[in-house]
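Each remark here refers to the structure printed beneath this line.
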Amino acid sequence: MDERRRWSMDFRRAIAELLSARTGLPADTLEASVEVPPQFELGDYAFPCFPLAKTLRKAPPAIAAELASKLAEGAPFLDRVQAVGGYLNFFLDRGVFVGTVVADALAAGPRIGATEEGAGKTVIVEFSSPNIAKPFHIGHAFTTILGQSVAKLYTHLGYPVVRMNHLGDYGTQFGKLIVAYGRWGDEAALLEAPIRELLRIYVKFHDEAKADLALETEARARFLALEEGNAPEMALWKRFRDLSLLEFARVYDRMGIAFDNYNGESYYSDRIPAVVDLLRAKGLLEESEGAQVVKLDEEGLPPCIVLKSDGATIYASRDIASALYRKETYGFYKNIYVVGTPQALHFRQVFAVLKKAGFAWADDCVHVGFGLVKFADRKLSTRAGEVIFLDELLAESVAKTREIIDRNAELRGTDMSEEERAEVAEKVGIGAVQYMFLRNGRDRDIVFSWEEMLDFDGETGPYAMYTYARGRSVLRKGALEGASAADATPEDLARMGGDDEAAVARLLYGFGDAVHRAVEANEPFLLTRQVAGIARAFNKFYNNESILSAPDAGLRRARIALTEAVCTALKTGLDLLGIAAVERM
RNA sequence: GGGCUCAUAGCUCAGCGGAUAGAGCAACGGCCUUCUAAGCCGUGGGUCGGGGGUUCGAUUCCCUCUGGGCUCACCA
């Protein structure tokens with residue numbers, strides 16, 4: 001617990017220790033029940049006395065009143081303690097609180113909320129994992145954006161992170177592509193737009209195969225040849241793979257994503273015989289309906305197929321092989337799979353097989369699922385052509401952003417160059433999309449609508465980015481007059497006693513906690529909400545109070561420091577979500 | 001049928017067993033000669049799906065019912 005807010009003072013702990021000294025109860029238990037009241041008017045922290053009623057044989061309000069009088073002159077960081085009903089409400093000294101938080105936030109800088117608790121504990125995050133030769137559509141956006149944020153969050157807490165892109169680069173589909181390319185492939189088109197061309201011939205293959213059954217047979221033969229390492233098939237497969245990766249790289253670059261490892265399914269295929277031997281040696285493998293399976297009745301799960309009845313491998317066997325590989329290679333502390341919830345059962349089976357095979361670390365494997373991206377009335381369907389490519393979505397978002405930038409530039413008479421406008425539009429447009437995927441709990445389905453996706457009002461990516469840019473603008477102006485956040489003395493900072501300043505400080509203070517909760521639940525949206533809260537509180541403060549024209553020099557220095565702290569928190573928060581911030585917009 | 005998951009404002013969603021259930025969008029009404037109006041302020045809007053139970057206290061935990069979604073052997 002001490003680790004949690006190491007970047008700043010732990011007021012909750014301090015209150016728990018105060019209570020502990022007066023009641024004789026252990027501070028740890030008390031700390032767990034110290035809560036934050038629903039309204040600020042009720043105080044910064046509260047301690048419900050109801051649970052004490054039984055042991056003390058007194059009414060909760062009486063206990064609260066008694067404790068309040070005892071704690072009245074407790075500590076310098078407290079302004080007052082009030083009994084309200086059965087609650088004991090603690091009001092922190094505004095000056096001490098705001099001053100401490102701002103000073104600590106400035107000292108932490110980009111490492112606000114960061115710790116080293118993960119040092120030496122390698123975390124693997126598998127995410128994105130698109131299929132080679134298939135378009136990168138918005139369904140892949142979810143795992144890509146979510147996974148990136150999860151990886152960054154762990155990194156912030158000191159965990160060494162390995163980002164793995166488990167490419168879908170294996171299977172009979174490649175036999176089909178090889179056949180199709182031989183018959184209808186267009187070299188020039190392939191170079192021009194690889195995935196479009198590969199998709200075209202893939203669709204063509206399926207059309208033709210309806211009339212010509214020999215095509216399927218040939219495809220299987222070609223895939224077999226590929227598996228056996230036949231040179232022509234291998235060369236073609238590698239080419240398709242390389243070209244696809246090149247195209248994916250464009251999207252990854254735009255979103256600032258890089259992987260440590262692109263080992264796809266194909267990489268693990270030759271490790272499967274060893275897996276089969278292992279499972280057989282442990283007596284787990286049995287034949288069922290011609291296939292080799294591991295029964296999981298005791299676990300309450302359906303059997304896991306390891307080898308198909310024709311002896312071929314299947315995704316479960318490849319995932320088992322890859323898990324073993326990861327443990328051997330990285331000795332992971334945690335192995336995270338950012339894959340859609342429809343595959344929840346599959347992962348439960350894979351983990352159960354590993355556990356059954358005697359690998360205790362199976363418990364360190366986690367499936368981080370997420371909902372479907374769909375239209376209001378129907379599912380996304382590649383076959384029906386009812387998909388939205390991520391490229392297309394990003395382009396729309398960037399274009400809309402550019403319009404707003406141009407309009408504002410004219411309105412405000414700013415001097416943004418063509419180059420800067422393009423760069424800002426790119427970052428804001430992409431950030432808007434990324435934010436949409438990290439706004440709510442990941443289990444929820446996302447109903448796609450252009451209208452909502454391109455709405456930049458209210459709690460959105462652009463809102464957070466705008467707030468940052470606004471703060472930076474103030475700081476730039478201050479700097480021109482020679483002012484900087486470092487000028488503020490502790491006495492200056494302690495003078496920020498206003499409601500709006502305190503509200504901002506409270507949200508800043510919760511930053512580290514939000515990062516922790518996000519990591520514990522593998523839920524970046526918990527940080528998204530904190531970032532949004534900080535932005536909202538700062539905008540309110542910004543509208544109500546003047547920063548550069550504060551009533552006096554000391555308060556001005558303090559407010560500049562507060563603004564700097566907010567900017568740092570916003571930039572760091574956005575970065576942990578995988579979103580870039582801009583200095584102007 | 002089994003498993004998992006969800007049901008909260010017109011819409012999209014938050015709500016760690018606790019105080020008067022909150023945001024954003026949409027609607028309506030205000031605020032730019034002053035630090036970026038992608039902003040701020042205000043108003044209206046709720047049987048927290050239904051019914052039981054546990055508890056001093058349940059939107060939150062348990063059971064049950066209803067209604068969605070996903071999934072249940074050789075695709076991934």
- Got a sec: does the CD of A:Glu410 have more than 12 other heavy atoms crowding it under 6.0 Å? no
- For B:G46, the Watson-Crick or wobble counterpart (both distances under 3.5 Å): none
- In whole angstrom, give the distance that lies between atom CE of A:Met585 and atom C1' of B:A37. 12 Å
- How does protein contact run along nucleotides 20-29 of chain B, one letter per nucleotide 5' to 3', with B for base contact, S for sugar-phosphate only, - for none, heavy atoms under 4.0 Å? ---SSS----
- Task: Write down the partner of B:C4 under the Watson-Crick or G-U wobble criteria, each distance required to be under 3.5 Å.
- Result: B:G69
- Does a nitrogen or oxygen in the side chain of A:Tyr315 sit under 4.0 Å from OP1 or OP2 of B:A76? no
Pull out every protein N or O sitting under 3.5 Å from an N or O of nucleotides 43-45 of chain B, one pair per line with the distance.
none

- Assigned partner base of B:U59, Watson-Crick or wobble definition, under 3.5 Å: none
- For B:C62, is chi within 90° of 0 (syn) or not (anti)? anti
- Message: Using OP1 and OP2 only, check whether a side-chain N or O of A:Thr341 sits under 4.0 Å from B:U5.
- Response: no
- Task: For B:A7, take OP1 and OP2 only and decide whether either is under 4.0 Å from a side-chain N or O of A:Arg444.
- Result: yes
- Message: Distance check needed: B:G3 P versus A:Gln343 CD, whole Å only.
- Response: 22 Å
- Message: Below the 4.0 Å mark, does B:A38 have OP1 or OP2 next to a side-chain nitrogen or oxygen of A:Asn408?
- Response: yes
- Message: Quick check on A:Lys356: does its NZ atom have over 12 non-hydrogen neighbours (other residues, nucleotides or ligands) under 6.0 Å away?
- Response: yes
- Query: With both distances kept under 3.5 Å, what pairs with B:C31, Watson-Crick or G-U wobble?
  - Reply: B:G39
